[in-house]
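Here's the structure we're looking at; comments come further down.
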Amino acid sequence: MQLPQVVYHLAEAANWPSIQRDGLLPATLLLQRFVRDDAKRAALQQRQRPRHVALADGVEIRDQRPLPEAALSGCLVDLTAAQWYAMLNERVFFWIDPARVNRQHRACGTRPQIVLTIDTARLIATYQAQVSVSPINTGNARRRPARRGAATFVPYTQWVDTGWASEAAALGTSPRRRSHAPVELTVTGAIPHADQYIVDMSPLHTGGHFSPT
């Protein structure tokens with residue numbers, strides 16, 4: 001089983017200076033850096049963010065409108081909603097399919113976005129121990145959401161060896177075919193030197209459409 005040569009990260013255009021300076025940081029690290037109030041920071045990490053949040057230094061983090069707590073709680077296995085939100089916030093996310101980039105872009109409304117095209121092999125060579133793949137959009141729990149839990153994020157090396165078998169065993173679901181392509185690739189923690197993996201940066205404006213070169 002192989003991943004494509006490149007994967008895609010959709011980011012707020014406002015975050016580009018921060019990405020150039022500090023790399024790609026998950027929401028948890030951004031909140032630790034910019035939100036001093038412990039209670040406020042915990043709420044942003046462990047509860048649904050119904051609205052887009054502007055932090056200091058021009059940095060922004062997205063809302064989580066497609067993850068209402070009631071719907072999420074109904075599809076989780078051995079995790080609370082708070083634990084799931086925290087798990088997502090610890091990761092940097094990449095789309096495998098450009099169509100999902102455009103779908104997420106439409107959900108961002110009028111806020112300018114950028115698409116970072118990432119060299120997959122180079123990223124995995126550095127962060128292999130922190131790389132996982134998921135078979136679903138883990139940030140959406142609407143419209144008959146798929147069962148999910150910690151095992152939804154399958155470590156990359158395990159996925160290469162056994163496909164989605166560990167996910168099915170842990171969640172009590174029917175095994176997916178090995179040919180089932182990942183929807184997301186994630187890196188747990190920071191990617192401080194993101195410029196080493198970026199092969200293209202494409203600005204996107206309202207109504208724009210991303211087409212890989």
Side-chain angles (χ1 to χ4, degrees), residues 1-4 6-11 24 26-28 45-50 61-108 113 115-116 118 120 123-124 127-128 130-189 191 210 212:
M1 299 177 69
Q2 292 185 336
L3 293 170
V6 295
V7 292
Y8 307 98
H9 178 79
L10 185 70
L24 287 165
T28 290
Q45 288 178 296
Q46 299 175 27
R47 298 178 191 166
Q48 181 195 19
R49 291 191 297 274
I61 55 175
R62 301 190 194 281
D63 66 75
Q64 296 170 316
R65 285 179 295 175
L67 274 178
E69 184 173 347
L72 177 60
S73 297
C75 64
L76 287 172
V77 177
D78 296 330
L79 287 177
T80 64
Q83 289 172 321
W84 185 257
Y85 293 129
M87 187 179 298
L88 298 189
N89 286 326
E90 293 169 351
R91 299 168 183 268
V92 178
F93 285 80
F94 304 89
W95 294 116
I96 307 295
D97 184 354
R100 290 189 179 268
V101 174
N102 286 304
R103 200 176 304 169
Q104 185 184 12
H105 178 224
R106 289 192 294 271
C108 292
Q113 306 291 308
V115 182
L116 303 180
I118 304 293
T120 311
L123 183 70
I124 290 175
Y127 293 98
Q128 181 171 295
Q130 296 155 252
V131 172
S132 298
V133 292
S134 65
I136 63 170
N137 177 354
T138 57
N140 194 323
R142 292 174 173 168
R143 303 182 185 91
R144 298 174 63 186
R147 286 167 66 85
R148 65 198 68 190
T152 299
F153 294 100
V154 179
Y156 170 73
T157 52
Q158 189 170 329
W159 173 75
V160 170
D161 289 341
T162 61
W164 305 109
S166 61
E167 179 219 12
L171 301 183
T173 57
S174 299
R176 302 178 192 272
R177 295 182 179 181
R178 286 183 66 89
S179 59
H180 181 98
V183 171
E184 302 167 337
L185 180 148
T186 75
V187 175
T188 301
I191 304 173
F210 174 66

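For reference, positions follow the sequence shown, starting with 1.
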Quiz prompt | Value rounded to 0.5 Å, distance of CH2 in Trp95 from CG in Asn137 | solution = 4.0 Å
Self-check item: Shortest non-hydrogen contact from Ala71 toward Ala141
Solution: CB-O, 3.4 Å
Quiz item: Atom CG of Asp78 and atom CG of Leu171: how far apart are they, to the nearest 0.5 Å?
Solution: 8.5 Å
Self-check item: Heavy-atom side-chain proximity of Ile136 to Arg176 below 4.5 angstrom
Solution: yes
Quiz item: Mind checking whether Phe153 and Trp84 have ring centres under 6.0 Å apart?
Solution: yes
Quiz item: Is Thr162 reaching over with its side chain to a backbone N or O of Ala165, donor-acceptor style, under 3.5 angstrom?
Solution: no
Quiz item: Backbone N or O of His180 within a donor-acceptor pair of the Trp164 side chain at under 3.5 Å?
Solution: yes
Quiz item: Do Val183 and Ile96 touch side chain to side chain, with heavy atoms closer than 4.5 Å?
Solution: no
Practice problem: Ignoring hydrogens and angles, tell me if any N or O in the side chain of Arg106 forms a donor-acceptor pair with the backbone of Val101 under 3.5 Å. | Solution: no
Quiz item: Is a side-chain N or O of Arg148 found less than 3.5 angstrom from the main chain of Ala146, in a donor-acceptor match?
Solution: yes
Quiz item: Under 3.5 Å, is there a donor-acceptor pair between the side chain of Arg65 and the main chain of Ala107?
Solution: yes
Quiz prompt | Main-chain N/O of Val133 paired with Glu184 side-chain donor or acceptor, under 3.5 Å | solution = no
Practice problem: In sequence, state the C-alpha distance, the side-chain angles, and the governing distance for Ser166 and Gln158, and then conclude on side-chain hydrogen bond (donor to acceptor under 3.5 Å, both in side chains). | Solution: CA-CA 8 Å; Ser166 61; Gln158 189 170 329; 2.8 Å; yes
Practice problem: Evaluate the side-chain proximity of His105 to Val115: yes if any heavy-atom separation is below 4.5 Å, no if none is. | Solution: no
Exercise. Report yes if the side chains of Val131 and Thr186 come closer than 4.5 Å at any heavy-atom pair, otherwise no.
Key: no
Quiz item: Is there a donor-acceptor pair closer than 3.5 Å between any side-chain N or O of Glu167 and the backbone N or O of Ala151?
Solution: no
Quiz prompt | His9 side chain to Ile118 backbone, donor-acceptor under 3.5 Å | solution = no
Quiz item: Which distance, rounded to the nearest 0.5 Å, do you find between the CG of Leu88 and the CD of Gln64?
Solution: 6.5 Å
Quiz item: Do the non-hydrogen side-chain atoms of Thr152 and Pro135 ever get within less than 4.5 Å of each other?
Solution: yes
Quiz item: Say you draw a straight line from CD of Glu69 to OH of Tyr85; how long is it, rounded to the nearest 0.5 Å?
Solution: 5.0 Å
Quiz item: Is a donor on one side and an acceptor on the other found under 3.5 Å between the side chain of Asp63 and the backbone of Arg49?
Solution: no
Quiz item: Run the side-chain contact (heavy atoms from CB on, under 4.5 Å) check on Leu185 and Tyr8 step by step: do they pass?
Solution: CA-CA 9 Å; Leu185 180 148; Tyr8 307 98; over 6 Å; no
Quiz item: Taking C-beta and beyond as the side chain, do Tyr156 and Gln130 meet within less than 4.5 Å on heavy atoms?
Solution: no
Quiz item: Is Leu10 close to Arg62 at the side-chain level, that is, under 4.5 Å between some pair of heavy atoms?
Solution: yes
Quiz item: Rounded to the nearest 0.5 Å, how far apart are SG of Cys108 and CZ of Arg103?
Solution: 13.5 Å
Quiz prompt | Expected output: side-chain Asn89 to main-chain Gln45 donor-acceptor under 3.5 Å | solution = yes
Quiz item: Side-chain contact, heavy-atom cut-off 4.5 Å: Phe94 with Leu24?
Solution: yes
